[in-house]
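Numbered from 1 within each chain, the chains take letters A, B, ... in sequence-line order. Values below: all heavy atoms of this structure, side chains included; hydrogens, waters and symmetry mates excluded.
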Amino acid sequence: MNPAARRRSARPLPAHPFKPLPAAFFAAATVAVARALLGVVLVSDSPQGRTAGRIVETEAYLCDDGACHASRGPTDRNRAMFGPAGRSYTYLIYGMYHCFNVVTAAKGVGEAVLIRALEPLQGLELMARRRGSDTPLALCSGPGKLVIALGIGSLPNGSDLRKGPLVLVPPGAYPPSGGAAAQGNIKVTTRIGITKDEHLPLRFYLEGSPWISRK
DNA sequence: AAACGGATGGGCT
DNA sequence: GCCCATCCGTTTG
């Protein structure tokens with residue numbers, strides 16, 4: 001083995017070959033980030049392997065919005081939402097599922113984007129094993145489902161999404177998806193499953209995507 | 001195709 | 001004690 005090869009094999013491999021989205025991508029207005037995240041790819045590395053999916057559905061949660069966990073100030077649970085943008089906020093819902101959010105806006109402002117559905121791109125077999133379902137459409141078509149499929153339920157709050165093991169990478173990192181959603185038209189509706197400020201138009205999805213949680 | 005109920009536990013009043 | 005940013009199997013029309 002030559003010296004260059006020895007150096008290469010002695011050094012740990014880079015965590016992943018992707019160039020993550022820059023911090024500035026997240027430190028913008030939350031609604032703008034919620035829209036810009038459509039098409040972005042979420043990559044999750046674990047000892048079991050890599051899973052990845054393209055974001056097709058998001059919801060914005062704003063600091064003056066009754067449905068937002070942060071709307072009544074910081075607590076032990078929601079503290080990550082007030083931290084720097086580009087970090088994770090994950091919480092337990094209904095005692096059995098977790099929802100994954102991307103923290104947005106300026107530090108000190110409690111806002112985030114809920115990731116509601118992914119188009120599965122890589123590691124479908126591992127996703128199926130984790131989900132207990134073989135149906136591709138059922139793997140990541142809901143906030144609780146995608147957390148299970150990517151194995152990110154126990155990701156610590158405040159994890160940096162530019163570093164891994166969970167990373168957000170630009171749309172072009174994986175081959176473009178086909179179908180109507182490839183046009184990239186964004187549909188706006190009210191949010192799902194909330195009872196406060198339910199009229200606000202803060203849900204966004206790729207029009208024509210078969211991978212969203214609900215029509 | 002839509003409606004419903006059960007599972008299940010932490011957060012907040 | 002009540003409220004959930006959910007999901008799934010079962011029932012009902």
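With distances taken from any side-chain atom of A:Arg116 to the nucleotides C:dC8, C:dT6, B:dG10, the minimum falls on C:dT6. The side chain of A:Thr75 lies closest to B:dC12, out of C:dA5, C:dC7, B:dC12. The side chain of A:Arg77 lies closest to B:dG11 when the candidates are C:dC7, B:dG11, B:dT8. Here the side chain of A:Tyr91 is nearest to one of C:dT6, C:dC7, C:dA5, namely C:dA5. Taking the side chain of A:Thr195 as heavy atoms from C-beta on, and the options C:dC4, C:dA5, C:dC7, the nearest nucleotide is C:dC4.
Atom CG of A:Leu92 is separated from atom C1' of C:dC4 by 10 Å (rounded to the nearest Å). Rounded to a whole Å, the NZ atom of A:Lys215 is 14 Å from the P atom of B:dA1. In this structure, A:Arg79 atom CZ and B:dG11 atom C1' are separated by 13 Å, rounded to whole Å. We find that OH of A:Tyr94 is positioned 16 Å from P of B:dA7, with the value rounded to whole Å. Look at CD1 on A:Ile148: it is 11 Å from C1' on C:dC8, rounded to the nearest Å. Regarding A:Arg130, its CZ atom lies at a distance of 17 Å from the P atom of C:dC7, rounded to whole Å. Rounded to an integer number of Å, the gap from CZ of A:Arg214 to P of C:dA5 is 14 Å. One interatomic measurement links the two molecules: CE of A:Met96 to P of C:dC4, which rounds to 18 Å at whole-angstrom precision.
Nucleic acid contact for A:Arg131: sugar-phosphate only, since backbone atoms but no base atoms lie under 4.0 Å from a heavy atom of the residue. Looking at heavy-atom distances under 4.0 Å, A:Asp76 makes no contact with the nucleic acid at all. A:Leu114 comes within 4.0 angstrom of a base, heavy atoms only. Within the nucleic acid shown, A:Gly95 comes within 4.0 Å of at least one base atom, counting heavy atoms only.
Looking at DNA chain C, the stems built from 3 or more consecutive Watson-Crick or G-U wobble pairs, each pair with its key distances under 3.5 Å, are B:1-7 with C:6-12, B:9-12 with C:1-4.
At least one donor-acceptor pair closer than 3.5 Å links the side chain of A:Asn78 to the backbone N or O of A:Gly73. Remark: the backbone N or O of A:Ala149 is not paired with any side-chain donor or acceptor of A:Arg131 at under 3.5 angstrom. A donor-acceptor pair is defined here as one N or O able to donate and one able to accept, closer than 3.5 Å; no such pair exists between the side chain of A:Arg79 and the backbone of A:Asn157.
Within the 4.5 Å cutoff, no side-chain heavy atoms of A:Arg116 are placed close to those of A:Tyr205. Looking only at side-chain heavy atoms (C-beta outward), A:Tyr91 and A:His69 come within less than 4.5 Å of each other.
Listed pair A:Lys145 / C:dC8 meets the phosphate criterion, a side-chain N or O lying under 4.0 Å from OP1 or OP2. Side-chain N/O atoms of A:His69 include none lying less than 4.0 angstrom from OP1 or OP2 on B:dG11.
By the criterion of a centre-to-centre distance under 5.5 Å and near-parallel planes under 30°, the ring of A:Tyr97 forms no stack with the base of C:dT6.
Other residues, nucleotides and ligands contribute at most 12 non-hydrogen atoms within 6.0 Å of the CG atom of A:Asp134. Counted within 6.0 Å of CZ on A:Arg214, heavy atoms from surrounding residues, nucleotides or ligands total 12 or fewer; the atom is thus considered open.
Each of A:Lys196 and A:Leu146 was assigned the nucleotide of DNA chain C with the nearest heavy atom; the assignment lying further toward the 5' end belongs to A:Lys196.
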Side-chain donor-acceptor distances from residues 99-115 of chain A under 3.5 Å, at least two apart:
| unit_1 | atom_1 | unit_2 | atom_2 | d |
| --- | --- | --- | --- | --- |
| A:Asn101 | ND2 | A:Tyr89 | O | 3.1 |
| A:Thr104 | OG1 | A:Thr30 | OG1 | 2.7 |
| A:Glu111 | OE1 | A:Thr30 | OG1 | 2.5 |
| A:Glu111 | OE2 | A:Cys63 | N | 2.9 |

